[in-house]
Amino acid sequence: MAEVLVLVETQDGELKKATGELLTAARTIGEPSAVVLGPAGTADAIASALAEAGAEKIYVAEGDDVAGYSVAPKAEVLAQLVSEKSPAAVLIASSQDGKEIAGRLALKTGNGLLTDAVDVDADGVATQSIFAGAMTVKSKVKGPVAIITVRPNSIAAQPQAGAGAREDVQVQISDAAKRSAILDRVEESTGSRPELTEANIVVSGGRGVASAENFKVIEDFADSMKAAVGASRAAVDSGFYPHQFQVGQTGKTVSPQLYVACGISGAIQHRAGMQTSKTIVAVNKDPEAPIFELADFGVVGDLFNVVPQATEAVKARK
Ligand code: FAD
């Protein structure tokens, strides 16, 4: 069975949820092989998690040459692995870096590239959801190696233990790939809240929250459930909440166990980023708001009345 390479993503030394999803997708096409690229020691910390998630092999290229520069060295290592291992496909998370690595890899290896897939089948056919989910497109890369980026939270991870056999990759990174060095890394402060795309619970606020100060109501409710905070584009564009928390077509895709939409109308572009959430709760003062068509539970009411009561009720149950 042909191998399928999966580029591993980590956060704070731990495997990101997206990598488990990619390993599951890889298993539908062939034999999942994880590719770990990072500073020395990265692979040791995540090897057992990768094996549990389904990696049969773990290719490792570590050190400053890989981790000390922007995306170019990573594309070089992957290109080398593609020529040595002839995989059926390479799966990469649809992050900003992931898409740039995938583009460079496609160019280096002369293969086709599909981005933002939401599913991949056994024949390597990728499903893409476009126009905010209004149309579904199925595409297949012509040629030997399909390079596909997959949107996080689109595929449910189904861990199935693999052998996790480690193989160190010897690679000489070219000078050309080392033209943009990383001089400093400053970790974004997210406080104690979970990362938006990794969270089990997301509480989002929309234009109905009405101001940046009022977002404290959303944050308090989120904190009572150890949830992440999200926002609609209208809330972000109005300056109520930072852009990196936008959920939707042009923001992040989330698929938590519970999504609570507060003061959000439910525009198609917002739904595109949250409609696969397991349970959706909406709080909106307009009983005709389209979000109620999607919600499993809805509360018609003023969020400034409803949400603080919900926060107190959650706290009282702890
Ligand atoms: P509104 O549509 O204005 O809704 C506010 C809601 O709050 C209303 O339903 C109102 O009844 C309710 N409300 C008001 N006050 C209260 C209160 N006190 N209590 C309870 N309810 C209250 N949007 C996204 O979210 N994410 C995207 O990624 C995104 N991408 C886009 C891409 C494109 C190309 C385009 C054209 C649009 C995109 N949009 C996106 C914008 C989208 O079309 C909507 O404009 C946006 O989602 C609306 O945000 P909202 O629901 O917060 O605001």
Side-chain angles (χ1 to χ4, degrees), residues 18 93-96 98-99 115-118 128-137 149-154 195-199 201-222 224 227-256 258-277 280-314:
S94 270
S95 58
Q96 210 168 333
K99 284 197 257 193
T115 57
D116 288 332
V118 293
Q128 291 154 306
S129 176
I130 62 165
F131 298 139
M135 284 188 82
T136 299
V137 180
T149 75
V150 181
R151 291 195 81 164
N153 288 314
S154 305
E195 212 272 312
L196 185 54
T197 56
E198 305 272 311
I201 305 176
V202 175
V203 181
S204 284
R207 203 195 310 263
V209 177
S211 73
E213 296 70 42
N214 289 348
F215 248 82
K216 174 98 175 44
V217 172
I218 305 297
E219 290 183 332
D220 286 349
F221 188 34
S224 74
V229 174
S232 72
R233 178 155 152 185
V236 166
D237 286 351
S238 305
F240 302 166
Y241 221 63
H243 179 258
Q244 72 262 31
F245 298 100
Q246 183 183 316
V247 173
Q249 183 191 345
T250 43
K252 291 189 171 152
T253 303
V254 300
S255 193
L258 174 63
Y259 186 86
V260 188
C262 308
I264 292 177
S265 60
I268 189 166
Q269 295 89 353
H270 187 79
R271 291 176 184 214
M274 46 63 77
Q275 61 198 357
T276 58
S277 304
I280 297 170
V281 176
V283 182
N284 197 301
K285 65 181 182 185
D286 175 8
E288 304 295 326
I291 191 76
F292 288 127
E293 294 162 12
L294 189 67
D296 299 286
F297 300 97
V299 183
V300 178
D302 188 321
L303 74 90
F304 299 109
N305 184 20
V306 175
V307 175
Q309 287 188 58
T311 306
E312 289 312 312
V314 171

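Start at 1 and go down the list; that is how both ligands and their atoms are numbered. The first residue in the sequence is number 1, and the count goes up from there.
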Exercise. Considering only protein heavy atoms, which is closest to atom 13 (N) of ligand 1, and at what distance to one decimal place?
Worked result: G208 CA, 3.7 Å
For this session: Could you find the nearest protein heavy atom to atom 49 (O) of ligand 1 and give me its residue, atom name and distance?
Result: A234 CB, 3.2 Å
Seminar exercise, completed: d(E312 CD, Q309 CD) to nearest 0.5 Å is 9.5 Å
Exercise. Which part of S265 is near ligand 1, with near meaning a heavy atom under 4.0 Å away: side chain, backbone, both or neither?
Worked result: both
For this session: Please determine if A231 has a nitrogen or oxygen closer than 3.5 Å to a nitrogen or oxygen of ligand 1.
Result: no
Exercise. Which ligand 1 atoms are under 4.0 Å away from a heavy-atom of G248?
Worked result: 26 (N), 27 (C), 28 (O)
Seminar exercise, completed: Ranked by distance from atom 30 (N) of ligand 1, the top protein heavy atom is T250 OG1, 2.6 Å
Seminar exercise, completed: Judged by heavy atoms only, the candidate from S232, A210, A272 nearest atom 52 (O) of ligand 1 is S232
For this session: Over all heavy atoms of both residues, which pair between S204 and A231 is shortest? Give the atoms and the distance, please.
Result: OG-N, 3.8 Å
Problem set entry | Protein heavy-atom partner closest to atom 18 (N) of ligand 1 - residue, atom, separation in Å | D302 OD1, 3.2 Å
Problem set entry | Salt bridge R207-D237, side-chain N to carboxylate O under 4.0 Å | no
Exercise. Which distance, rounded to the nearest 0.5 Å, do you find between the NE2 of H270 and the CD1 of I268?
Worked result: 13.0 Å
Exercise. Do the side chains of P308 and V217 get nearer than 4.5 Å, heavy atoms only?
Worked result: yes
Problem set entry | Heavy-atom pair with the smallest gap, counting every atom of G266 and P290 | O-CB, 4.0 Å
Exercise. Counting each atom of ligand 1 from 1 as listed, which ones have a heavy atom of G251 under 4.0 Å away?
Worked result: 28 (O)
Problem set entry | Nearest candidate to atom 8 (C) of ligand 1, where distance is taken over non-hydrogen atoms, out of V283, I268, D286, N284 | N284
Problem set entry | Spatial distance of atom CZ (F245) from atom CD (E195) [nearest 0.5 Å] | 8.5 Å
Exercise. If you measure every N/O of G206 against every N/O of ligand 1, is any gap under 3.5 Å?
Worked result: no
Seminar exercise, completed: Correct closest heavy-atom pair for S94 and D116 would be OG-OD1, 3.0 Å
Exercise. At under 4.0 Å between heavy atoms, which part of V247 makes contact with ligand 1: side chain, backbone, both or neither?
Worked result: backbone
For this session: Take Q128 and R151 through the test side chain to side chain contact (heavy atoms under 4.5 Å, CB included) and record every step on the way to the result.
Result: CA-CA 9 Å; Q128 291 154 306; R151 291 195 81 164; over 6 Å; no
For this session: Provide, to 0.1 Å, the distance between atom 7 (O) of ligand 1 and the closest protein heavy atom, together with that atom's residue and name.
Result: G263 O, 3.0 Å
Seminar exercise, completed: Correct closest heavy-atom pair for I280 and Q275 would be CD1-O, 4.1 Å
For this session: For the residue pair I291 and M274, establish whether any side-chain heavy-atom pair is separated by less than 4.5 Å.
Result: yes
Exercise. Without hydrogens or angle criteria, can the side chains of S255 and T276 be said to hold a donor-acceptor pair below 3.5 Å?
Worked result: yes
For this session: Find all atoms of ligand 1 within a distance of less than 4.0 Å from any non-hydrogen atom belonging to F304, and give their numbers and elements.
Result: 18 (N)
Exercise. Is any side-chain heavy atom of Y259 closer than 4.5 Å to a side-chain heavy atom of V247?
Worked result: yes
Seminar exercise, completed: Within 4.0 Å of some non-hydrogen atom of A267, the atoms of ligand 1 are 42 (C), 43 (O), 44 (C), 47 (O)
For this session: Ignoring hydrogens, just give me the one of Q246, Q269, R233, R271 whose non-hydrogen atom is nearest atom 28 (O) of ligand 1.
Result: Q246
For this session: Would you mind checking which non-hydrogen protein atom is closest to atom 22 (C) of ligand 1, with the distance to 0.1 Å?
Result: K285 CG, 3.7 Å
For this session: Among all protein heavy atoms, pick out the one at the shortest distance from atom 19 (N) of ligand 1; state its residue, atom name and that distance to 0.1 Å.
Result: L303 N, 2.8 Å
For this session: Starting from atom 3 (O) of ligand 1, locate the nearest protein heavy atom and write down its residue, its atom name and how far away it is, to 0.1 Å.
Result: R207 NE, 2.6 Å
Exercise. What atoms of ligand 1 come closer than 4.0 angstrom to any heavy atom of Q249?
Worked result: 27 (C), 28 (O), 32 (C)
Exercise. Is atom 45 (O) of ligand 1 less than 4.0 angstrom from some protein heavy atom?
Worked result: no
For this session: Find all atoms of ligand 1 within a distance of less than 4.0 Å from any non-hydrogen atom belonging to G301, and give their numbers and elements.
Result: 19 (N), 20 (C)
